[in-house]
4 protein chains.
Amino acid sequence: MATAPPKRKTGPRDAERTRRAILEAALVEFSEKGHAAARIDAVAEAAGISKPMIYSYFGDKDALYAAALREAYVQIRAGEKELQLGDLAPVEAVRSLVHFTFDHFRQKPWFISMLNTENLLGGQTIQSIADVGDIQSNMISELRRVLDHGVRDGVFRDGIDPVELYITIASLCYFPISNRHTLRAVFKVPVDDAWVEARKRAVSDMVLSDLRPCAKREGDDV
Amino acid sequence: MATAPPKRKTGPRDAERTRRAILEAALVEFSEKGHAAARIDAVAEAAGISKPMIYSYFGDKDALYAAALREAYVQIRAGEKELQLGDLAPVEAVRSLVHFTFDHFRQKPWFISMLNTENLLGGQTIQSIADVGDIQSNMISELRRVLDHGVRDGVFRDGIDPVELYITIASLCYFPISNRHTLRAVFKVPVDDAWVEARKRAVSDMVLSDLRPCAKREGDDV
Amino acid sequence: MATAPPKRKTGPRDAERTRRAILEAALVEFSEKGHAAARIDAVAEAAGISKPMIYSYFGDKDALYAAALREAYVQIRAGEKELQLGDLAPVEAVRSLVHFTFDHFRQKPWFISMLNTENLLGGQTIQSIADVGDIQSNMISELRRVLDHGVRDGVFRDGIDPVELYITIASLCYFPISNRHTLRAVFKVPVDDAWVEARKRAVSDMVLSDLRPCAKREGDDV
Amino acid sequence: MATAPPKRKTGPRDAERTRRAILEAALVEFSEKGHAAARIDAVAEAAGISKPMIYSYFGDKDALYAAALREAYVQIRAGEKELQLGDLAPVEAVRSLVHFTFDHFRQKPWFISMLNTENLLGGQTIQSIADVGDIQSNMISELRRVLDHGVRDGVFRDGIDPVELYITIASLCYFPISNRHTLRAVFKVPVDDAWVEARKRAVSDMVLSDLRPCAKREGDDV
DNA sequence: TATGAATGAGTATTCATTCAT
DNA sequence: AATGAATGAATACTCATTCAT
């Protein structure tokens, strides 16, 4: 913002800039406080505009929340797109996705917080976001192609569903970040950078290990 | 409680029963709505008592929330204790813990919701619950013994930290339940009993697979 | 209380003792907090009994307040009676009354506080205390005799109404005590024992000076 | 305020008018009921605005109370200033101050009530009003000049502290007004205009008599 | 007589939302 | 397009008073 060209008094660009400012402030506010505890006043102040603007741009609190939630998904999708998974060797592609996911969860804490909040509310809002499925399907498609490639190369076992794989990845990346406060308090886990990085390595190892076409792998231990 | 003398309809014993009623209603209310959206009125009504009783028994909303959070931990600990992990073969013990964890998350949804809520608040409350570490340390101790046993029996690899293992288990069990609403909406996952049961099996397989003392396991795929 | 004879379990004396305990606690509570801010709970705790006892002994909060107000008057009357004004020379009697009044206001702060509170409420309660006039009339009668005596002795001027004199005395003794907090804050008056004692002397001098049969006294300065 | 541009019906100037309306309503409410019994609802209704405005303009009940208390002092200072004591002969100046004080106490009953309330609370609030000393110091300065002038003219005795004199004046003016309800009930004083006016004369005579440089005045009667 | 348990009726305070300019 | 002013509807919390034993 500081490096932006000098602001013109009015015009179409200002509207978009205002919209962005509100959206980003809302994303922070909703993710830090949750839906109920988030304050429209706080969003207005953080965005540097007056409250009525928010209503004029977004409608009401719920609509603003929906926009913030969607923005969280848009951001992670944009990050995943930049990975260019198709250009990497399958094992590298998966490892890359795991690392990106873990890091994104860690560095953009509002994503996890928004998901937590939304799931607490029973997912009412996400259903109403029409294109949310499209947003993610790109990544799933790419992952499917990576898996196919890996099977063809003999480095992945067959029959893996990309969605299930993504859920495994997300599971392992999500919990240590989303629950870091309770982990620290209950298990005395030292949730610092070193621990988190170690955890990230362990997670990517585990995910890749699970993909390997090892004959004696599962279901033979009972 | 089980050893208490038979409860009279009314009288001095009402105090304890009232306390329990409030606590259980609060656990449901806080977990369904989150901290900010939870209503003291709703707790009172669900508990079948008047609002002032809540203040008389618990102090204020925050204290009631803290009591509910603690109760969530007490409940899962009680369940884990009943597993008697020490009496089972190591592999069985781990599988049993995974299944219990998964099922508890699924069947007592307030546990996950309370953790989500608490982590959203930055873990302020859990830190103030003095004995929360003790509550879980039993389970960790037992898990450590199971791991040692498994290493001695040659069915588990060496050097596994019980806390890290538990975090892996919890990660894999937590996410599919806690994020079921967004998963359904975003990935069109059919989050029904069949899917959840399949997921549970996949998770326990994955956990056990990761424990196996396979020489060519990790770090050799880059 | 510590030196009281061993308490019998029940009996007529206990009832009276309980009554006194409640009354004294109420006097303190009402005078320290005022009518609205006084808490029945606080009275019960200070009296060392349960709340229902207060209702059983006094009826309700207003009745308890009335009893406490009456008690404040009874106490000051008892003090005035002990002065035995009739046994003193007129000048001494007046000085004695001034000093007693000043000291009583200072040492039994609840009297002033109760009067403040009652006047804030518009004197609704004091009107309902049937015998409150009788309580004070003794003192006024004695003061009238002192004044007559003084006139006969030639030390007081004639035509002084005892009630007006008492109002003058009370005025001068009341304000420096009742308003000590605002005096300190607004005028930086050092409201300590030395100041208060000096004020007491000034007040008694002023009162006696005003009583003296000096020819060129009043009304000649306009 | 008198010099402000003509007020438009609505618009930005409403803010100041609303503020005044709240402040005046608060002054009446707090003085009539005391701090604890005063109702924010009542203030809002009397001011003709909604409750949230009070919080927006003043913060909370305590801050509103503090503003009302300060306003009471500002009002009496403004009145004292108009007296122009410096332009009067010393005796007249003192008599004028006494009469003004007495009349102000009588006609603006909220001043006495606010002081009573504040002293009941132990003066906590007045201490936090930073400029309360300045508010009154003008009057004390003027009074000091009047006393000096009177000494020079030979109409006042020497060595009188203006603060002590003001306390004497205030004492004698305060009590008959502040305690009018209990005086009526206890001493059957007919607290009507006639009595009050007579009292006012008696008070100013007494104050001036005490100032006169009469050789045989005090301390010689014991 | 005495009390722990319980509550109805309030009260200060907040916040999403709209109005008027 | 933008905002300071305003509010209706809620919500946490309190307290005098009563009930049941």
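Proteins get letters first, then strands, A, B, ... in listed order; numbering begins at 1 in each.
In this entry the distance linking CD of B/Glu16 with P of E/dG4 reads 17 Å, nearest Å. Regarding C/Ile54, its CD1 atom lies at a distance of 10 Å from the P atom of F/dA16, rounded to whole Å. Rounded to an integer number of Å, the gap from A/Met53 CE to E/dA16 P is 18 Å. In this structure, the OH atom of D/Tyr55 is 17 Å from the P atom of F/dT11, given to the nearest Å. For the pair D/Ile22 CD1 and F/dA5 P, the interatomic distance rounds to 12 Å; values are reported in whole Å.
Distance alone, capped at 3.5 Å, is enough to place a donor-acceptor pair between the C/Ser31 side chain and the C/Leu27 backbone. With hydrogens and angles disregarded, no donor-acceptor distance shorter than 3.5 Å links the side chain of C/Glu71 to the backbone of C/Leu23. Although no hydrogens or angles enter the test, the distance criterion places no donor-acceptor pair under 3.5 Å between the side chain of D/Gln127 and the main chain of C/Ala185. The main-chain N or O of A/Ile126 is found under 3.5 Å from a side-chain atom of A/Glu118 such that the two form a donor-acceptor pair. Of the possible polar contacts, one joining the A/Lys61 side chain to the A/His35 backbone as a donor-acceptor pair under 3.5 Å is found. In this structure a side-chain-to-backbone donor-acceptor pair under 3.5 Å is missing from C/Ser56 to C/Pro52.
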Query raised in the report: What's the verdict on side-chain contact (heavy atoms from CB on, under 4.5 Å) for A/Tyr55 and A/Ile40, showing C-alpha distance, side-chain angles and the deciding distance?
Result: CA-CA 10 Å; A/Tyr55 289 88; A/Ile40 296 287; 3.8 Å; yes
Query - CA sep, side-chain torsions, deciding dist, call: A/Arg20, A/Glu24, salt bridge (charged side-chain N to carboxylate O under 4.0 Å, His left out) - result: CA-CA 6 Å; A/Arg20 288 292 321 162; A/Glu24 276 160 27; 2.9 Å; yes
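For the pair C/Ser56 and A/Asp62, both in contact range of DNA chain E, the more 5′-proximal nearest nucleotide belongs to C/Ser56.
Out of F/dT17, E/dA6, F/dA2, the shortest distance to the side chain of A/Ser50 is found at F/dA2.
Residues from residues 26-37 of chain A placing a heavy atom under 4.0 Å of any atom in DNA chain F do not occur.
In this structure, B/Tyr57 reaches the E/dA6 phosphate: one of its side-chain N or O atoms is under 4.0 Å from OP1 or OP2.
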Might you list the N or O atoms of the protein lying below 3.5 Å from N or O atoms in nucleotides 9-11 of chain E, with each pair's distance?
residue	atom	partner	partner atom	Å
E/dT11	OP1	D/Arg39	NE	2.8

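Nucleic acid contact for B/Phe58: none, since no nucleic acid atom lies under 4.0 Å from a heavy atom of the residue. Across all strands, D/Ile49 comes closer than 4.0 Å only to sugar-phosphate atoms, never to a base (heavy-atom distances).
When side chains are defined from C-beta on, D/Leu121 counts as touching D/Tyr65, because their heavy atoms get closer than 4.5 Å. Within the 4.5 Å cutoff, side-chain heavy atoms of D/Tyr73 are placed close to those of C/Thr182. Residues D/Ile22 and D/Phe58 are in side-chain contact: their nearest non-hydrogen atoms beyond the backbone lie under 4.5 Å apart.
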Requested in this report: Taking Watson-Crick and G-U wobble pairs with both distances under 3.5 Å, convert DNA chain F into its dot-bracket string, 5' to 3', dots for unpaired and | for cross-strand pairs.
Outcome: .||||||||||||||||||||
